[in-house]
Amino acid sequence: MNSRQKSDDVSGEIANKMQKRVTAPNRDLPPRNQQFLLDFEQLQGQIQDQEQLRAVTESVLIAFVVQCCAHVPQSEFLLFALRSLSRVGHVKWDSFLPSLLSTISSAEGSSGPGSPTMAVSLSTAVVGSTGTSLIASGPNAAGSFISSPASPLPSMQGIGSPTQSTAEQSSGPSLSPVKPSELDGPGQLPIMKVNQSVRTTAVSYLRQLASKVILIALEFNLKPVTNAEIFSHMTNWLINWDQRNLGIDESDTAKGWKIERSPFEWMHICLDVIWKLVDEDRCLIPFYELIRSGLQFVDNIPDDESLFGIILEIHRRRDMVASHMQMLDQHLHCPSFGTHRFLSQTYPNVPGEPIANLRYSPITYPSVLGEPLHGEELAFSIQRGSLDWERALRCLRHALHTTPSPDWWRRVLLVAPCYRQQAQPPTPGAVFSPEMICEAVIERTIELLKFSNSEVQCWQDWLMFADIFFFLMKSGCIDFLDFVNKLASRVPQGDLRSNHVTWLLAQIIRIEIVMNTLSSDPKKVETTRKIISFHKEDKNTDVSSTSPQNILLDFISSSQTLRIWSFNSAIREYLNSEQLQKGKKIDEWWKQVTKGERMMDFMNVDERSMGMFWVLSYTMAQPACDAVMNWFTSAGVTEILQGPNVQSNDRMMMMRETCPLSMSLLSGLSINLCSKLAYQLEEGIFLGQVIPSIAMVETYVRLLLIDPHSLFRPHFTVTFDDFLLICSLYHGKNKALMYDVTKIISMIKGKRGEHRLFRLAENLCMNLILSIRDFFLVKKELKGPTEFTETLNRMTIISLAITIKTRGIAEVEQMLYLQRLLEQIMATSQHTWSEKTLRYFPPLIRDSLIGRMDKRGQAIQAWQQARVLREFSPEEVTSNIYTMVDVLLHHIQLELQRGHAAQDLLSKAISGIVFFIWTHELLPLDILLLALIDRDDDPYALRIVISLLDRTELQQRIKMFCASRNSPEHWLNNQPPKRVEIQKALGNHLVWKDRYPPFFDDIAARLVPVIPLIIYRLIENDATDIAERVLALYSSLLIFHPLRFTFVRDILAYFYGHLPSKLIVRILKVLDISKIPLSESFPQYVSSNPPICPPVDYFATLLVGLVNSVIPPLNSKSKSETASEPSGISGRPTISKSQASPQSGSVNNADGQKAFYQNQDPGTYTQLVLETATIEILSLPATASHIVSSLVQIVVNVQPSLIQSTNGLQGLSGGSGQTSGLPTSPSAGGSESSGPNRSAPAPGINATNFVSKSGYSCQQLSCLMIQACGLLLAQLPPEFHLQLYSEASRIIKECWWLTDGMRSIKELDSAVSYALVDPSWASQDNTSTAIGNIVALLHSFFSNLPHEWLESTHTIIKHLRPVTSIGMMRIAFRIMSPLLPRLSFARPLFMKTLALLFNVMADVFGKNSQPATPVDASEIRDLIDFMHHAVMYEGQGGPVQTSSKPKPEILTLCGKVMELLRPDVQHLFTHLQTDPNSSIYAATDPKQAHNPT
């Protein structure tokens, strides 16, 4: 009783208080909602134009939604009215909703300080709603809105819920639920901040009501474009949910104004809208749109379970899409610099040769969706220590080891910000930041220091590193001050046991950038002290008994000290007096050497003098340079006598020969001196009044070979004839030089009498064209006919055929302009190729040439007309020779028909040709031989060629040429060169009136590029025995072939499967076997009789060799190499360079890396090792099937083979990923570790020494061997690729659990996920699987394939079809999916691949497919998301943006192939079609929406 009474008292008290607070006026209740329908029907009868009524109705309703959003009863009435009117057709959602959303956007956007009208109305609505929901708000705004002149309705007061009268509204102050005084308090806010809070609340109300309206609309069938509009606004609202984005400061809100209404209410309804849109039953919007919407990147995620749930689901499905975009072990994919070409990971949009001037992106960084990203801003944002940072460093470390061409560095580097002259836009293709470059250079410096401290002979490594370091510093890619500071902090004084760092800094101290930086450095004294701190004095040095290197390192600190002192005298107190005394010793030594009239004798330099001269090059570069130049002029000059054909009064003076400077002397000179010397030699050679000596030219070439980076020239423009051949040796400049030589040829080919220069330039261009193993244009512009000669046009066709067949077409752009390139050539070349030659041409070229008309008959008729003898131009001579050959062969055929013996006719023809070649010296032999082999469709052409090659006259010239050259390694010959007389070297036809002496030119040398082409023709005509004999006969000449290694590699690949073993052995003898890193057991297999197939262990050894010498080393040190101190940075011990490789120990010198000039062909030691492995594979008597089977067997079982064969090392195999350089495995050796997926040891592999020799752990080595196998297979001809696809599909299909119908979908999905873990992750738990390793191999293989050869990748899927289980389908997708981003720049191949994946899906989810276990479409949500993403990526041509649209051609394709799928699966792809009534992509594309297909 008492409790009830207390309760009544409390209730009465509350009622009294409320009565005091609220005074409700006496008025009638509003009519029921049903009355609205009756009133509207009455109004409808008064309006004739129903469409206008609908438009006005929608406008009024939109105004009411904005004005009444904070009034609950009015909001409920509006929802009822909208639902009712839409049912009778007086509200069309497809016009109403876009207008409503647009109005809301305007309201929210105009609610700032500059738009008071909407702010006032929204504020009024909110203030009226904060106390009670019974109070209406602001009718005037709505009334003024609808009372426009265009409105046919004078008043809307009688419809629906009545609004307040003016009298009622005037009593507002007494009805106000909140008094202004009640807002006062200790934390009173300014009025503006209060208004901001009110507007924020108003926006919440408005969004909540709008979302409820949309939920009603979604009960009806909306157009796709309307759904897209709704989705866009909903996601934007959620992304910008934070009140800071609505114009209010969060901190101010927290202090004094608390929004009573939580934003979560409208967010929940908004989320309901989104879930309805992406619901799979209706699929109004594909879930993929959420994945790319950016909703998951909300900065300030509210503490709300609903929003967190959708973000979590987006992240989950986004990660699955990203996994399909990336290859297995993609973090291990890194350029090896083992090939001539670099496969760029980005593709420019401009086709043609200008791509050579664009940047090259050797790596990319994956986005959250797995897309490859690049760009300067991205490179600068990479965090130190991240996986992307380590991947970039791995690439740079490998580049510093393998020294790719200067052109590569130029196209990947960025100028450090401190050296940029002015603001410039970010570089789009950049992937390395200057900070990364600096870090890699510091690590390489520390690594070499450790080698030196361990007494490892690595002087050559230091020289090569200094060359690159100078290039990087001079290019402004390293911040010098930052480099010094970081290096000083990373190199403790206790680790300095030599002056190598001081020597390295002395190389760059004279660079202008460095000097300016030191001069302007505000902390120059501190910086100088750090530089001096690297000095290491050796007080017990005996100069008379040390090597030149030790002398240089001992004296280098004094040289650097004097240089720094010269522009910073403030450091005197920090200098060591002993360093200054050593500087005086150098001066005294030089004065003694140059005392009186004496000069330094560079022909007889002992080690002490060499070391002291090296030091002199750092202290006094100009006197040292003058001493060298004086040496070349010391022998005086001589006058060239006039020849019998010359009648001239001009005197021609020539330097007498001296010996060139030796490579050992040049290698230790400062780069500053080398640069000075190179410029002075150029001036003397090209601009001097006296003809230079061969020794001077040879020395200049040696400088370029020693320092190819620091002496790099962006362009070469030369007119000196004999020097053209020398420039072809310059590293990485073949294309640029070819274009320069072509300009010379085009200028003189029509001039009469310019035969010598023309033939030299043409022969050099032949060598250049055949040396370019990549695509090139015959003109830098793809317009007009080529400027090449007829001979060069034919050479270009041959070079392209060899390149395409042996290496494939690398880039998409090259595929596009190949046909135009061929048209340019054929516009001026009338040649028709024989059927035998065309048979071996790649199809792309063969199809373009096979239908050409043979015009030799017309040429023969023209020849038979009377001709006037005159002085011909060089090109006319060429044309006459080609025609003469046609006439000669035609004449032989006529005489045969008249009964003459073939042998007699051939003898007579050969005698006549020999007479004109050797007696009168009127015919250029190289052009004549090329003309004959190009007519190999005539049975007697090649017989004449062989007869000419057998002539004693030619053999004698070959012997004379070889005797005068001694060795192709011209840089090793330090004796005074012997100049051959011009008449003996070139003959009458080329010399004529010319007196200029030859340098390296000779008629025999002209045959160097011709002999390999003769071999090609003989093989094409099945004359392999004759080809073998020619190779044996000209073996002494072919050693001077500048590209004989490439010739062997290419001819083995070009004719793979068509060469007998005997000829293969003869081809291999062209190589200098002692310098080629062939496997020890290779000779016994290649020459075995009967043929013996190598065991699996042989191929495993090859792969380990590639891991050690070609694959970039991992970034961190593994457990197995902790005992080897020098290996801390590179990831492999130095000793492995000679011990772990499959090559014989004699090849690897003890001095570490080899200089560039020792590997000119193919270019670097890395390329040499990879190409040697390729040559071995191509030479083996085993079939491609057996070779591929052995390699795949190794990969499938690589991890257990290594672990079980290394016994004692087995304990190391379970190490954590922290020291392995590999990511930590997520599987942690789950319950399925011992299941049927696990791979077993490969029989026949004895891997006991593999791990110890490589320096890697078992886990690391197993993953890198997979990468090495993929790289090797990508170098082999397409025959091997087809075998790989066949073998890989066989292994995959042999996995019984894939076709086990008894397994549930969940079990199968788990097994597939387990099998497809990255091998680098699985290896951490020793849980590698056969399928995982195979897919990783395929991905490594794909990443190294040129674009053209990617077309055959479909073969593996064709082998796997028909796919009968969802597990097999997932494996097929995992194999092919990562290719789609790369193929997106080549639409035809992209479309083929996309169609293939749809067909694979149709095998399991097709209309007619009957899987053993029924599978719901929801099981492949990730694949559906990925297909949407791939289509969008191709449409954007790169990473997907919010504005990305699919291309109509792709949607057309998808619409066709979707017809193969089951209706429930087809339903999920609804939007990937061109029907704007079904697809949001077609509906939102103006072109497709107006022109539906």
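Not measured: the values here are computed from a predicted model.
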Student: Does any part of the side chain of F480, heavy atoms only, come nearer than 4.5 Å to the side chain of M515, both counted from C-beta?
Tutor: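 Side-chain contact under 4.5 Å: no.
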
Student: Going from CE on M663 to CG on N973, what distance comes out if it is rounded to the nearest 0.5 angstrom?
Tutor: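 Here the rounded value is 12.5 Å.
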
Student: What is the minimum heavy-atom distance between I706 and D467, and which atoms define it?
Tutor: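 Nearest heavy atoms, I706 then D467: O-OD2, 4.3 Å.
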
Student: How many angstroms lie between atom CG of L703 and atom CD1 of I671, to the nearest 0.5 angstrom?
Tutor: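 The distance works out to 11.5 Å.
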
Student: I'd like to know whether CD of Q689 has more than 12 heavy-atom contacts from other residues, nucleotides or ligands below 6.0 angstrom.
Tutor: no

Student: Hey, is the main chain of H970 close enough, under 3.5 Å, to the side chain of R702 for a donor-acceptor pair?
Tutor: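 Such a contact is found between R702 side chain and H970 backbone.
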
Student: Quick one, W589 with F555, criterion side chain to side chain contact (heavy atoms under 4.5 Å, CB included). Give me CA distance, side-chain angles, the key distance, then yes/no.
Tutor: CA-CA 13 Å; W589 173 82; F555 279 82; over 6 Å; no

Student: Of all heavy-atom pairs between I513 and K474, which one has the smallest distance, and what is that distance?
Tutor: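 Nearest pair, atom of I513 first, then K474: CD1-O, 3.7 Å.
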
Student: Could you give the distance from CH2 (W409) to OG (S475), rounded to the nearest 0.5 Å?
Tutor: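 Going from the CH2 atom of W409 to the OG atom of S475 covers 10.5 Å.
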
Student: How close do S519 and K524 get, counting heavy atoms only, and between which atoms?
Tutor: O-NZ, 2.7 Å

Student: Salt-bridge test for E588 and K584: reply yes if a basic N is under 4.0 Å from a carboxylate O, no otherwise.
Tutor: no

Student: Is any side-chain heavy atom of S634 less than 4.5 Å from a side-chain heavy atom of T658?
Tutor: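 Side chain of S634 against side chain of T658, heavy atoms only: contact under 4.5 Å found.
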
Student: Is there a side chain to side chain contact (heavy atoms under 4.5 Å, CB included) between T699 and F602? Walk through the geometry before answering.
Tutor: CA-CA 12 Å; T699 302; F602 290 100; over 6 Å; no

Student: Carefully, step by step, assess M473 and V514 under the rule side chain to side chain contact (heavy atoms under 4.5 Å, CB included).
Tutor: CA-CA 8 Å; M473 192 64 72; V514 175; 3.7 Å; yes

Student: Roughly how far apart are E698 CD and L661 CG, rounded to 0.5 Å?
Tutor: 11.0 Å

Student: What is the distance from atom CG of N499 to atom CG of L505, rounded to the nearest 0.5 Å?
Tutor: 10.5 Å

Student: Between S452 and W462, is a side-chain hydrogen bond (donor to acceptor under 3.5 Å, both in side chains) present by the stated rule, with each step listed?
Tutor: CA-CA 10 Å; S452 300; W462 277 108; 2.9 Å; yes

Student: Side-chain contact test, heavy atoms from C-beta onward, threshold under 4.5 Å: evaluate it for C674 versus L666 and give yes or no.
Tutor: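 Side chain of C674 against side chain of L666, heavy atoms only: no contact under 4.5 Å found.
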
Student: Do you know which two heavy atoms are closest between I694 and E657, and how far apart they sit?
Tutor: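 Of all heavy-atom pairs spanning I694 and E657, the closest is N-OE2, 2.7 Å.
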
Student: Any heavy-atom pair between the side chains of L1168 and I1076 that's under 4.5 Å?
Tutor: yes

Student: Determine whether the aromatic ring centres of residues F632 and Y700 are separated by less than 6.0 angstrom.
Tutor: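 No, the ring centres sit 6.0 Å or more apart.
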
Student: Give a yes or no on whether the backbone of T517 and the side-chain of D521 come within a donor-acceptor separation of less than 3.5 Å.
Tutor: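 Checking the backbone N and O of T517 against the side chain of D521, no donor-acceptor pair under 3.5 Å is found.
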
Student: Nearest heavy-atom pair of P968 and R1044: which atoms, and what distance?
Tutor: CG-NH2, 4.3 Å

Student: Ignoring hydrogens and geometry, is there a side-chain-to-backbone donor-acceptor pair from N485 to L481 under 3.5 Å?
Tutor: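 Yes, because the side chain of N485 sits within donor-acceptor range (under 3.5 Å) of the backbone of L481.
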
Student: How far apart are the closest heavy atoms of D601 and V605, and which atoms are they?
Tutor: O-CG2, 3.3 Å

Student: Quick one: does H709's side chain have a donor or acceptor within less than 3.5 Å of a partner on A466's backbone?
Tutor: no

Student: May I ask you to test the W631-M603 pair for a side-chain heavy-atom distance under 4.5 Å?
Tutor: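 Heavy-atom side-chain distance check passes, below 4.5 Å.
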
Student: State whether K486 and D479 are salt-bridged, where the test is any N-O pair (Lys NZ or Arg NE/NH1/NH2 against Asp/Glu carboxylate O) under 4.0 Å.
Tutor: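 No salt bridge links K486 with D479.
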
Student: Taking only residues at least two apart or on different chains, which pairs with a member in residues 609-618 satisfy side chain to side chain donor-acceptor pair (under 3.5 Å)?
Tutor: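 Listed once each, the pairs are W503-Y618, Q507-Y618, D606-S609.
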
Student: Could you tell me whether E683 atom CD has more than 12 heavy atoms of other residues or ligands within 6.0 Å of it?
Tutor: no

Student: Begin with the C-alpha distance, continue with both residues' side-chain angles, and end with the deciding distance and a verdict on side chain to side chain contact (heavy atoms under 4.5 Å, CB included) for R490 and E439.
Tutor: CA-CA 11 Å; R490 299 270 291 274; E439 179 66 23; 3.2 Å; yes

Student: When rounded to the nearest 0.5 angstrom, what distance separates OG in S771 from NE2 in H1041?
Tutor: 9.5 Å

Student: Parallel, tilted or perpendicular, judged at 30° and 60°: which one describes the rings of F1040 and F961?
Tutor: perpendicular

Student: Is any side-chain heavy atom of C438 closer than 4.5 Å to one of D482?
Tutor: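 Result yes, sub-4.5 Å side-chain heavy-atom pair found.
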
Student: Taking the side chain as C-beta and beyond, is there a heavy-atom pair between F1045 and D1072 under 4.5 Å?
Tutor: no

Student: Find out whether M600 and T594 are in side-chain contact, i.e. whether some heavy atom of one side chain is under 4.5 Å from a heavy atom of the other.
Tutor: no

